[in-house]
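Heads up, the thing below is written out as structure tokens.
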Protein chains: 2
Amino acid sequence: MGLTKTENFTVKQNQIAGMAKALAHPARIAILQEIIKAKSCICGDLVSRINLAQPTISQHLRELKNAGLIKGDIEGTSVCYCIDEHHWKLLRDTLNTFLNQVPEIKDNCC
Amino acid sequence: MGLTKTENFTVKQNQIAGMAKALAHPARIAILQEIIKAKSCICGDLVSRINLAQPTISQHLRELKNAGLIKGDIEGTSVCYCIDEHHWKLLRDTLNTFLNQVPEIKDNCC
DNA sequence: TTATTACATTGCAATATTACGATAAATATA
DNA sequence: TATATTTATCGTAATATTGCAATGTAATAA
């Protein structure tokens, strides 16, 4: 079906999964790394740095924007992207909380 | 195309994305939470706890296993699942390292 | 005004994912 | 042996994702 049964799960579960989904493509990881590497904003020369066509990059940028990880500011003809630090931290904390809830479990069976 | 151009990206980038992909479905988050809640192994009564058909659960379990997040031990007719703590920590650290690399960037443009 | 430049959007083809019925496989039980 | 139980696999339908060429849009430059 390809259709996730969202209604079967809690809001939190859908949130965590949604956040992970935004990170679930190497191109998006690469884009985020380029933006981070730039230390400030990167004025959209991502196409020349990542080996994908311009519409593809644009599509990934939109997904990162929808997830709240980045924001874009129009500067004349070009667009400046940077990390949305506030959302980034929220996302990081949510993911971390989930990933850290595995303490030392006694491996008594497996 | 639906075909990720894996070869365009570094091993690390593909790793991070692959890990995120394993977490990118609420059913898999729910499964992991059930296993964690059980504190030890959960003997495959996941189908009764999660509102999805048995083959669907089985499929998600396989993906979690492929990602290294869980392991399963056969116990008679049933299978016991538990968190693969070693791999879990490796994955967590990789994701954390990525998510933590955004320090206080001066918001000088956006 | 007419390019030009930088991105976004549209539309489409190829592939991937999700979900489940049917069925297989493996073990336990009667 | 026959049957029940539990999980995995196969096959398939529905939907989602990825990638890109073509095109649209908005600001700037000539």
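Below, read A as the first sequence line, B as the second, and so on, with proteins coming before strands; counting in each chain starts at 1. Given the structure is predicted, the values throughout are model-derived calculations rather than measurements.
Note on B:L52: only backbone sugar-phosphate atoms sit closer than 4.0 angstrom, heavy atoms only; bases stay farther off. Within the 4.0 angstrom heavy-atom criterion, only backbone atoms of the sugar-phosphate kind lie near B:T4; the bases stay farther away. Among the atoms of the strands shown, only primed sugar atoms or phosphate atoms (P, OP1, OP2) are found under 4.0 Å from some heavy atom of B:S78. At a threshold of 4.0 angstrom between heavy atoms, the contacts of B:S58 include nucleobase atoms, whether or not backbone atoms are also involved.
Each of B:A24 and A:V79 lies near DNA chain C, and the nucleotide nearest A:V79 is the one positioned closer to the 5' end.
Residue A:R62 has no polar side-chain atom (N or O) positioned under 4.0 Å from OP1 or OP2 of C:dC7. Listed pair B:H60 / C:dT17 fails the phosphate criterion, with no side-chain N or O lying under 4.0 Å from OP1 or OP2. Contact check, A:K21 against C:dT17: no side-chain N or O comes under 4.0 Å of OP1 or OP2. For C:dC20, the OP1/OP2 oxygens have a side-chain nitrogen or oxygen of A:K5 closer than 4.0 Å. Between D:dA8 and B:Y81, a contact under 4.0 Å exists linking OP1 or OP2 to a side-chain N or O.
In this structure, A:D73 places its CG atom 12 Å from P of C:dA8, rounding to the nearest Å. Between the CZ atom of B:R49 and the P atom of D:dT6 there is a distance of 14 Å, rounded to whole Å. Note: CD1 (A:I57) to P (D:dC20) measures 9 Å, nearest angstrom. Rounded to a whole Å, the NZ atom of A:K65 is 9 Å from the C1' atom of C:dC7. The interatomic distance linking A:I31 (CD1) with C:dA8 (P) rounds to 11 Å, in whole Å. If you take CD1 of B:I50 and P of C:dA19, they are 11 Å apart, rounded to a whole angstrom. Rounded to an integer number of Å, the gap from CG of A:L61 to P of C:dA6 is 16 Å. Rounded to an integer number of Å, the gap from CG of B:L3 to C1' of C:dA13 is 12 Å.
As summarised for B:C80 and B:C43, their two SG atoms come within a distance smaller than 2.5 angstrom, satisfying the threshold.
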**Study point:** side-chain contact (heavy atoms from CB on, under 4.5 Å) between A:I70 and A:I83, worked out
**Key:** CA-CA 4 Å; A:I70 63 172; A:I83 302 295; 4.2 Å; yes
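What you find for B:G68 and B:H87 is that their closest heavy atoms are O-CB, 2.8 Å. Closest approach of A:T4 to B:P26, counting heavy atoms only: CG2-CG, 3.6 Å.
Looking only at side-chain heavy atoms (C-beta outward), B:I57 and B:I31 come within less than 4.5 Å of each other.
Within the 3.5 Å criterion, the main-chain N or O of B:K71 finds no donor-acceptor partner in the side chain of B:D84.
Side-chain atoms of A:Q54 and base atoms of C:dA6 include no donor and acceptor less than 3.5 Å apart.
Using cut-offs of 30° and 60° on the angle between ring planes, the pair B:F9 and A:H25 is perpendicular.
Comparing C:dT9, C:dA19, D:dG19 by their closest approach to the side chain of A:Q59 singles out D:dG19.
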Name the pairs: protein N/O against N/O of nucleotides 25-29 of chain C, kept only if under 3.5 Å.
none

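Criterion: ILVMFWY side-chain heavy atoms under 4.5 Å apart, direct or through other members. Under it, A:I74 and A:V47 are part of a common hydrophobic cluster.
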